[in-house]
Amino acid sequence: QVQLVESGGGLVQPGGSLRLSCAASGYTFSTYAMSWYRQAPGKERELVAALTSTGDSTNYADSVKGRFTISRDTAKNTVYLQMNSLKPEDTAVYYCRARRVMTGRLYWGQGTQVTVSS
């Protein structure tokens, strides 16, 4: 079955960078749209970045545009979220999500904690 495993979270100082990875297995990459979500304590889960199944179009939350980049390595079956110029408000649990294009079925990773603090 489809499995998504996030990694790369941790503690980083404001202005620092971090790269999250989402290793996917059990499906053909090209048939799924990929995205990253995050959820901070007391807040709703929000979309951070998205990548179409074809890998040719991206979408970002206004709050991260210009700082975060979503990408994929098809050969490694891995999706990345490069996070630069991190701010304390970026602190959250980050989740990788796959959506099957034809059915809309969703698959979620377990999440990885990102903490931005001095």
Side-chain angles (χ1 to χ4, degrees):
Q1 61 180 28
V2 174
Q3 290 186 308
L4 304 173
V5 180
E6 302 100 329
S7 62
L11 175 64
V12 64
Q13 295 191 146
S17 297
L18 208 59
R19 188 180 73 164
L20 305 183
S21 298
C22 174
S25 63
Y27 68 97
T28 303
F29 227 16
S30 62
T31 64
Y32 292 80
M34 305 299 299
S35 59
W36 287 94
Y37 283 73
R38 69 185 181 188
Q39 187 166 25
K43 298 183 179 179
E44 295 184 354
R45 190 172 297 186
E46 64 174 345
L47 175 67
V48 177
L51 183 69
T52 59
S53 60
T54 56
D56 61 355
S57 183
T58 58
N59 191 29
Y60 298 93
D62 288 340
S63 60
V64 307
K65 192 170 296 183
R67 300 188 298 120
F68 290 12
T69 303
I70 186 171
S71 63
R72 74 181 190 191
D73 186 328
T74 303
K76 295 181 178 180
N77 224 31
T78 300
V79 178
Y80 303 97
L81 183 67
Q82 179 66 47
M83 305 184 293
N84 299 325
S85 302
L86 284 162
K87 305 174 181 179
E89 50 263 46
D90 294 319
T91 296
V93 177
Y94 284 71
Y95 299 89
C96 177
R97 192 191 77 174
R99 180 170 67 89
R100 189 172 182 181
V101 174
M102 293 300 295
T103 66
R105 183 176 176 86
L106 302 176
Y107 303 88
W108 292 89
Q110 83 286 354
T112 185
Q113 176 71 47
V114 172
T115 302
V116 184
S117 176
S118 298

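No hydrogens, no waters, no symmetry mates; every other heavy atom, side chains included, goes into these values.
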Apart from Y95 itself, what residues make up its hydrophobic cluster, given side-chain heavy atom links below 4.5 Å?
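Y37, L47, V93, L106, W108, all in the cluster of Y95.
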Does the pair D62/K65 count as a salt bridge with the N-to-O cut at 4.0 Å?
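Yes, this pair counts.
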Quick one, V101 and T31 - any side-chain contact, counting heavy atoms below 4.5 Å?
no
I need the R105 CZ to R99 CZ distance, nearest 0.5 Å.
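R105 atom CZ to R99 atom CZ measures 14.0 Å (nearest 0.5 Å).
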Interatomic distance, R45 atom CZ to R38 atom CZ [nearest 0.5 angstrom]
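Going from the CZ atom of R45 to the CZ atom of R38 covers 13.0 Å.
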Which of parallel (below 30°), tilted (30 to 60°) and perpendicular (above 60°) describes Y32 and Y107?
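The rings of Y32 and Y107 stand perpendicular, inter-plane angle above 60°.
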Looking only at atom types and distance, does a side-chain atom of R72 sit under 3.5 Å from a main-chain N or O of S53, one as donor and one as acceptor?
yes
If you apply the rule side-chain contact (heavy atoms from CB on, under 4.5 Å), what do you find for M83 with D90, and how did you get there?
CA-CA 9 Å; M83 305 184 293; D90 294 319; over 6 Å; no
Considering residues at least two apart in sequence or located in another chain, which fulfil the side-chain contact (heavy atoms from CB on, under 4.5 Å) criterion with T69?
Y60, Q82
Taking Y80 as the starting point, is it possible to reach L51 by hopping between hydrophobic residues whose side chains are less than 4.5 Å apart?
no
Under a 3.5 Å threshold, yes or no: a donor from one side chain and an acceptor from the other, between S117 and T115?
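Side chains of S117 and T115: no pair found under 3.5 Å.
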Minimum heavy-atom separation for E6 and C96, please, with both atom names.
OE2-N, 2.7 Å
Check the surroundings of atom CZ in R67: do more than 12 heavy atoms from other residues, nucleotides or ligands lie under 6.0 Å from it?
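Count over threshold, so yes.
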So for atom CD, which belongs to E89, do other residues, nucleotides or ligands contribute more than 12 heavy atoms lying within a distance under 6.0 Å?
yes
Listing, residues 10-24 side-chain donor-acceptor contacts under 3.5 Å, not counting sequence neighbours, or none:
from: S17; atom 1: OG; to: N84; atom 2: OD1; distance (Å): 2.9

